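These notes concern the structure reproduced below.
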Amino acid sequence: MVAISKPLPELFFVKPCKPNNNNPPNFPTIPLIDLSRSDSKHLLVKACQEFGFFKVVNHGVPMKFISKLESEAIKFFSSPLSLKQKAGPPNPFGYGNKRLGQNGDFGWVEYLLLNAKLDQKNPPFSIFDENPEKILRIVKDYVTAVKKMACEILELLADELKLKPRNVFSKLLMDEQSDSVFRVNYYPPCPDLQEHETKGKKLIGFGEHTDPQIISVLRSNNTSGLEISLRDGSWMSVPPDSNSFFINVGDSLQVMTNGRFKSVKHRVVANSSKSRLSMIYFGGPPLSEKIAPLPSLMEREEASLYKEFTWFEYKKSAFNSRLSDNRLGLFEKRLEKITTP
Ligand SMILES: C=C1C[C@]23C[C@@]1(O)CC[C@H]2[C@@]12CC[C@H](O)[C@@](C)(C(=O)O1)[C@H]2[C@@H]3C(=O)O
Ligand SMILES: O=C(O)CCC(=O)C(=O)O
Ligand SMILES: [Fe+2]
């Protein structure tokens with residue numbers, strides 16, 4: 001990214017928030033799930049219901065897969081803009097810079113969006129003429145390990161919800177036709193920011209949104225920036241931890257559990273001195289999959305909160321929306337209130 005000579009446009013900032021959200025002492029803590037413990041199922045369900053967000057340790061993803069990919073990603077984002085642009089624009093896959101989606105969202109971020117069904121012929125692997133096979137192997141190793149962890153979590157959730165078969169959710173990610181995405185985000189430091197920070201303004205790295213898919217698995221370096229929205233509307237900053245993974249419930253899982261699990265609103269704010277690198281696997285279903293509350297989960301006479309739709313329909317609508325739009329709102333049923341005379 002080039003050095004900034006002009007003041008940053010206002011659209012890059014989030015309004016000062018009330019109250020100052022430096023995680024006051026009474027803020028909740030992020031649920032911590034140890035995947036090696038036998039009681040993790042119960043805590044997982046609780047975290048999905050209360051936050052839609054949690055941190056995972058003892059995840060089983062080999063550190064060497066993580067560090068190899070991280071160093072390749074740093075190499076890529078440090079290379080000349082002209083080279084990076086050969087991998088863009090991201091429609092739908094490739095390199096993007098500041099522009100997010102096609103509907104006017106901006107953020108202080110560069111990124112690579114990839115189809116999680118990795119293939120050397122797909123962009124942007126063709127630009128790595130030096131050794132495309134090596135890069136592809138590194139990305140594949142990482143994505144395969146993270147997908148395995150995502151499936152394990154989904155199966156533990158199904159167990160605790162007493163759903164059968166236990167792969168009701170995970171089979172959607174394992175399907176040959178699964179529409180999953182992998183993304184690497186790079187947030188360069190923004191030195192001009194210090195002056196704005198003193199006025200309580202924050203620079204948007206990635207604006208507030210929920211993820212449309214089933215589950216998102218995020219890992220970042222040790223730079224802060226990620227924030228989640230709490231039920232009272234305040235923002236909580238997530239302390240970074242490069243040895244752990246952060247998981248969020250996506251809109252589709254909220255629908256499949258008829259609102260029991262919450263798709264969490266989150267955002268990233270930029271840093272004035274340190275760069276942030278994050279890698280996120282978004283586990284999605286096949287395009288033709290009907291996204292609806294699982295019948296076996298519904299209580300007697302429980303009504304679905306959502307209209308019927310396929311993942312294709314939801315994705316199309318999501319990609320026509322702005323980041324902060326309430327995408328599920330369009331698919332919510334207006335349930336009539338039953339009033340007794
Ligand atoms: C502004 C947008 C970017 C996004 C597509 C959208 O129109 C609204 C949803 C956005 C999001 C958020 C989660 C993932 O990062 C993402 C890949 C996705 O599936 O939905 C992005 C989309 C994107 O960057 O293209
Ligand atoms: O980069 C991050 O830490 C989170 C980004 C994010 O929420 C996304 O890419 O959907
Ligand atoms: Fe996200």
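Heavy atoms only: backbone and side chains are in, while hydrogens, waters and symmetry mates are out. Just so you know, ligand 1 is whichever comes first in the structure, and atom 1 is the first atom listed for that ligand. Positions are given from 1, in the same order as the sequence printed here. The shown structure was predicted, so the numbers you read here are calculated from the model rather than taken from an experiment.
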Is a side-chain donor or acceptor of [X] paired with a backbone partner of [Y] at a separation under 3.5 angstrom?
{"X": "Q213", "Y": "G250", "answer": "no"}
{"X": "N258", "Y": "L305", "answer": "yes"}
{"X": "S178", "Y": "P286", "answer": "no"}

Practice task
Treating Ile, Leu, Val, Met, Phe, Trp and Tyr as nodes and any side-chain heavy-atom pair under 4.5 angstrom as an edge, say whether F76 and I66 lie in one connected cluster.
Solution key: yes
Can you produce the list of protein nitrogen or oxygen atoms under 3.5 Å from a nitrogen or oxygen of ligand 1, alongside each distance?
{"from": "ligand 1", "atom 1": "7 (O)", "to": "A318", "atom 2": "O", "distance (Å)": "3.2"}
{"from": "ligand 1", "atom 1": "7 (O)", "to": "S321", "atom 2": "O", "distance (Å)": "2.9"}
{"from": "ligand 1", "atom 1": "15 (O)", "to": "R183", "atom 2": "NH1", "distance (Å)": "2.9"}
{"from": "ligand 1", "atom 1": "19 (O)", "to": "Q213", "atom 2": "NE2", "distance (Å)": "2.8"}
{"from": "ligand 1", "atom 1": "24 (O)", "to": "R183", "atom 2": "NH1", "distance (Å)": "2.8"}

Assess whether a salt bridge exists between [X] and [Y], defined as any Lys/Arg side-chain N lying under 4.0 Å from an Asp/Glu carboxylate O.
{"X": "R137", "Y": "D141", "result": "yes"}
{"X": "E313", "Y": "K316", "result": "no"}
{"X": "E302", "Y": "R260", "result": "yes"}

Practice task
Sort out the contact shell of ligand 2: every protein residue with a heavy-atom distance below 4.0 Å, listed by chain and number.
Solution key: R183, N185, Y187, F206, H209, D211, L218, H266, V268, R276, S278, I280, F282
Handout entry: Summary of ring pair (Phe, Tyr, Trp, His ring centres under 6.0 Å) pairs that have at least one residue in residues 42-64, sequence neighbours excluded
Key = F53-F246, H59-F245
Exercise for the section: Consider only side-chain N and O atoms of N271 and T223, and report whether a donor and an acceptor are under 3.5 Å apart. Expected result: no
Handout entry: Option from R267, H266, R322 for which side-chain hydrogen bond (donor to acceptor under 3.5 Å, both in side chains) with H209 holds
Key = H266
Problem - Result of checking Y111, Y281, F93, Y142 against F182 for ring pair (Phe, Tyr, Trp, His ring centres under 6.0 Å) - result: Y142
Practice task
Over all heavy atoms of both residues, which pair between S220 and R276 is shortest? Give the atoms and the distance, please.
Solution key: OG-NH1, 3.4 Å
Practice task
Could you point out which residue of L172, I153, N248, V249 forms a side chain to side chain contact (heavy atoms under 4.5 Å, CB included) with I215?
Solution key: I153
Practice task
Provide the tally of protein N/O/S atoms nearer than 2.8 Å to the Fe ion (ligand 3).
Solution key: 3
